[in-house]
Amino acid sequence: MYSEKVMDHFQNPRNMGEIEDASGVGTVGNAKCGDIMRMYLDIDENGIIQEAKFKTFGCGAAVATSSMATELVKGKTIQEALEVTNRAVMEALDGLPPVKVHCSLLAEEAIHAALWDYAEKAGIVIEGLKKPKADIHDEEEEQY
Ligand code: FES
């Protein structure tokens with residue numbers, strides 16, 4: 001049912017934990033399944049994501065997608081990080097079962113929420129970034 005990569009990132013999650021004084025912190029949840037994901041980003045003065053960590057209270061796929069999402073955004077610019085969509089995370093994990101697609105949406109939205117927080121703190125506008133939803137359930141219903 002799950003790819004080897006999903007199992008690996010679930011059993012050995014990368015970048016689990018939190019960043020003290022993070023540049024941006026984003027928390028999103030899905031009211032339907034009750035899962036919650038928090039993403040921490042450390043962004044340097046050149047707009048490069050130096051560090052990414054996460055805390056996820058959720059299912060195995062949510063842990064695996066959080067882990068992969070942090071790996072994918074590390075070292076990237078903010079604009080590049082915006083391209084780390086839930087599909088990109090799923091592809092990097094060699095796919096997810098259809099009922100678990102929403103878990104990857106949580107990862108995408110958590111990145112956006114952390115970037116939004118960073119932009120607010122830094123007083124900047126990130127082009128192409130929409131205000132994230134605290135609960136992704138509504139959006140998910142529209143998309144899938
Ligand atoms: Fe909801 Fe995985 S079951 S995030």
Side-chain angles (χ1 to χ4, degrees), residues 1-43 47-122 124-144:
M1 181 174 170
Y2 288 114
S3 73
E4 275 177 31
K5 278 194 192 163
V6 173
M7 291 310 291
D8 179 33
H9 277 263
F10 167 57
Q11 280 163 342
N12 310 294
R14 325 297 199 264
N15 313 308
M16 200 156 61
E18 57 188 271
I19 300 174
E20 250 182 76
D21 300 323
S23 315
V25 183
T27 306
V28 293
N30 183 321
K32 197 170 169 193
C33 64
D35 291 356
I36 297 167
M37 197 180 283
R38 179 168 296 162
M39 194 74 74
Y40 301 82
L41 298 177
D42 198 15
I43 301 171
I48 309 287
I49 298 170
Q50 293 293 346
E51 193 70 65
K53 287 194 184 277
F54 77 92
K55 274 188 170 172
T56 290
F57 182 80
C59 73
V63 172
T65 54
S66 315
S67 169
M68 183 54 91
T70 52
E71 285 287 271
L72 289 176
V73 298
K74 265 203 290 184
K76 289 210 161 67
T77 65
I78 291 166
Q79 283 304 324
E80 286 167 345
L82 281 181
E83 284 159 32
V84 178
T85 59
N86 78 302
R87 290 192 185 281
V89 173
M90 279 199 296
E91 270 168 32
L93 286 169
D94 292 338
L96 281 173
V99 293
K100 290 288 171 183
V101 169
H102 79 271
C103 317
S104 64
L105 271 176
L106 210 51
E108 176 185 319
E109 203 63 6
I111 294 170
H112 289 180
L115 287 173
W116 184 268
D117 181 49
Y118 163 72
E120 282 201 321
K121 282 181 184 156
I124 58 166
V125 174
I126 298 174
E127 210 173 315
L129 179 64
K130 287 196 223 113
K131 190 170 177 20
K133 297 181 179 162
D135 175 9
I136 63 151
H137 180 214
D138 303 340
E139 186 181 348
E140 174 203 329
E141 297 284 288
E142 287 162 23
Q143 289 187 355
Y144 297 95

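Predicted, not measured: the structure shown is a model, and the values here were computed from it. As the structure lists them, so they are numbered: ligands from 1, and atoms in each ligand from 1. Heavy atoms only: backbone and side chains are in, while hydrogens, waters and symmetry mates are out.
Using modelled atom types, no side-chain atom of E18 and backbone atom of Y40 make a donor-acceptor pair closer than 3.5 Å.
Backbone or side-chain N, O or S atoms of H102 reach atom 1 (Fe) of ligand 1 at under 2.8 Å. Here C33 meets the criterion, with an N, O or S atom under 2.8 Å of atom 1 (Fe) of ligand 1.
Partner of M37 under the side-chain contact (heavy atoms from CB on, under 4.5 Å) criterion, out of T27, V63, T65: T65 alone.
In this structure, CD1 in I111 is found 9.5 Å from NZ in K76, a value given to the nearest 0.5 Å. Rounded to the nearest 0.5 Å, atoms CD1 (I49) and OG (S23) are 9.0 Å apart.
Closest protein heavy atom to atom 2 (Fe) of ligand 1: C59 SG, 2.2 Å. With respect to atom 4 (S) of ligand 1, the closest heavy atom belonging to the protein is D35 OD2, 3.0 Å.
With 3.5 Å as the limit, one finds a donor-acceptor pair spanning the side chains of N15 and T70.
At a heavy-atom distance under 4.0 Å, atoms from both the backbone and the side chain of C103 approach ligand 1.
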